[in-house]
Amino acid sequence: MFSLIFFYLYTMQTISRKKIFFPINKAFRNYLKLYEREVRLPLSYEELRYYDQSVAVYDKNGVDTLWETVFYPQSMAANIHAGLKRIYSILKAGGDQTAEEHLFIERVDYCIFGNSHPFRIKIVNTYNEVYDYFYIKKADASRIYGLELEHILSPFWINFLVDGTTLVEEHIAGVPGDQFIQHYLNRPEFNPKRIAKEFVKFNERCFVRLLGDMRSYNFVFDITPDFDDVQFRIRAIDFDQQFYEGRRTLYMPQFFKENRVFVELAIRHLNAEVVKQYQQEERAVIARRIKTQRHRIKDLRDVIMTDRVSFPEKIQQLGSELAEYYHDPIFARCKTMGEIIERSLKRLLVSSLR
């Protein structure tokens, strides 16, 4: 439950500064092939690192974005751009190459901040100048588990591809949470109760599926005008911290100081009964998704159960804290993060049958 006392815990949240990348094991790779996530790509993440020049990218206010636009040697540029267009065709059009002749790569950016050091590709349609983005990153098993769980358990389909140690992700459109706070939150046409409601549901969704580090700049707002109001949905955009950390509160967005304003909205506009209602609604929706995707969930569960995507001390800490939180000793006996997430989802299913 949201409470003002949470504010005193914000400064205690610590995320691993340098998260370890975990390789994709054979069982997980077979799963990705089965569900058509793993395909042959014409370029790898490592090949994109062969740029020879870069310039900093600044926003419209002259602030360094921590992205750099990179440039490739003339002998490589044509092949790099052709490969990027082909990757976009595979990601968006199932490999159909018809549109490639009127697509061009306007910019390739490289992020120097954070764990994944992604490349962001801006691709433009020459007929109408409509552009799109996609990302190429170094594949990390825990991140890919996060993407797959997002696809299965959240309200949103998500598109990504894997080839060896290369991960390709579609762009998730929306207003970043930190920008939403600064420029959108206090707009008179926006109903703060709807924003608070969505944050409660997002908080519950992250906690159930153990997606960590959802500070405001790691999620976006999808804003949709409706008949007589504006609807909001929050979407995660960073999945590096999928069941990796040991501390329970790191999986609850309400505990980060960056999200304080959303907690204040919930406290101001929602009473305890309404918060509980929204939490239960989100759990019921997740339970229905699990039942609908039960075969896929089982296949993923079989892989996660024995995979190493965290460290024993983190697993022990998280299991113990969840056992205390839920009054469920089974969590404390879990030996892998797979066992912990399985227990979390089983509890949700059982409660949905009552």
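Quantities reported herein were computed from a predicted structural model and do not represent experimental measurements. Numbers for residues simply follow the sequence, beginning at 1.
The one candidate from Arg120, Lys92, Lys122 that meets the salt bridge (charged side-chain N to carboxylate O under 4.0 Å, His left out) condition with Asp132 is Lys92. When each of Ile123, Leu103, Ile105 is checked for a side chain to side chain contact (heavy atoms under 4.5 Å, CB included) with His81, only Ile105 meets the rule.
Here the CG-CZ distance, from Leu167 to Phe160, works out to 7.5 Å after rounding to the nearest 0.5 Å. Considering CG of Leu345 and CD1 of Ile290, their distance stands at 4.5 Å, rounded to 0.5 Å. From Phe232, atom CZ reaches atom CG of Asp226 across 11.0 Å, with rounding to the nearest 0.5 Å. For the atom pair CG of Leu43 and CD1 of Ile121, the computed distance is 9.0 Å after rounding to the nearest 0.5 Å. The CD atom of Gln242 sits 11.0 Å away from atom OG of Ser310, with the distance rounded to the nearest 0.5 Å. Rounding to the nearest 0.5 Å places NZ of Lys197 at 10.0 Å from CG of Asn191.
Ring planes of Tyr110 and Tyr51: tilted class, angle from 30 to 60°. The aromatic rings of Tyr326 and Phe207 lie parallel to each other, their planes meeting at an angle below 30°, with 60° marking the opposite boundary. Note: Phe311 and Tyr244 have perpendicular aromatic rings, judged against thresholds of 30 and 60 degrees for the angle between ring planes. Between Phe199 and Phe262, the ring planes are parallel. Angles under 30° get that label, and only those over 60° would be called perpendicular.
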Test salt bridge (Lys or Arg N to Asp or Glu O under 4.0 Å) applied to Glu282 and Arg205, step by step: CA-CA 7 Å; Glu282 188 62 29; Arg205 188 159 68 244; 3.0 Å; yes
Evaluation steps, salt bridge (Lys or Arg N to Asp or Glu O under 4.0 Å), between Lys138 and Asp140: CA-CA 6 Å; Lys138 184 178 179 181; Asp140 169 41; over 6 Å; no
Derivation of the side chain to side chain donor-acceptor pair (under 3.5 Å) call for Arg247 and Gln317: CA-CA 7 Å; Arg247 191 166 187 170; Gln317 180 184 7; over 6 Å; no
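When atom types are taken as modelled, the side chain of Asp109 and the backbone of Trp67 share no donor-acceptor pair closer than 3.5 angstrom. The main-chain N or O of Phe21 is never found under 3.5 Å from a side-chain atom of Arg143 such that the two would form a donor-acceptor pair. Checked by atom type and distance alone, the side chain of Glu321 pairs as donor or acceptor with a backbone atom of Arg248 at under 3.5 Å. Formation of a donor-acceptor pair under 3.5 Å by the Asp163 side chain with backbone atoms of Arg40 is not found in this model. Remark: side-chain polar atoms of Arg289 are paired, donor with acceptor, to backbone N or O of Ser154 under 3.5 angstrom. Side chain of Glu339 to main chain of Lys335: a donor-acceptor pair is present (N/O by atom type, distance under 3.5 Å, no hydrogens or angles).
For the residue pair Gln231/Arg194, the side-chain donor-acceptor check at 3.5 Å is satisfied. Looking only at atom types and distance, the side chain of Gln277 has no donor-acceptor partner in the side chain of Glu273 under 3.5 Å away.
Taking the six-membered ring for Trp and the full ring otherwise, Tyr135 and Tyr133 have centroids separated by 6.0 Å or more. For Phe221 and Tyr184, the ring centers sit 6.0 Å or farther from each other. Checked against the 6.0 Å centroid threshold, Tyr72 and Tyr50 do not count as a close aromatic pair.
Note on residues 25-35: pairs passing side-chain hydrogen bond (donor to acceptor under 3.5 Å, both in side chains), not counting sequence neighbours, are Asn25-Asp307, Arg29-Glu38, Tyr31-Glu148, Tyr31-Arg296, Tyr35-Asp299.
Residues Cys111 and His117 approach most closely at O-ND1, 3.3 Å, considering heavy atoms.
In this structure, Gln74 places its CD atom where only 12 or fewer heavy-atom neighbours from other residues, nucleotides or ligands lie under 6.0 Å away.
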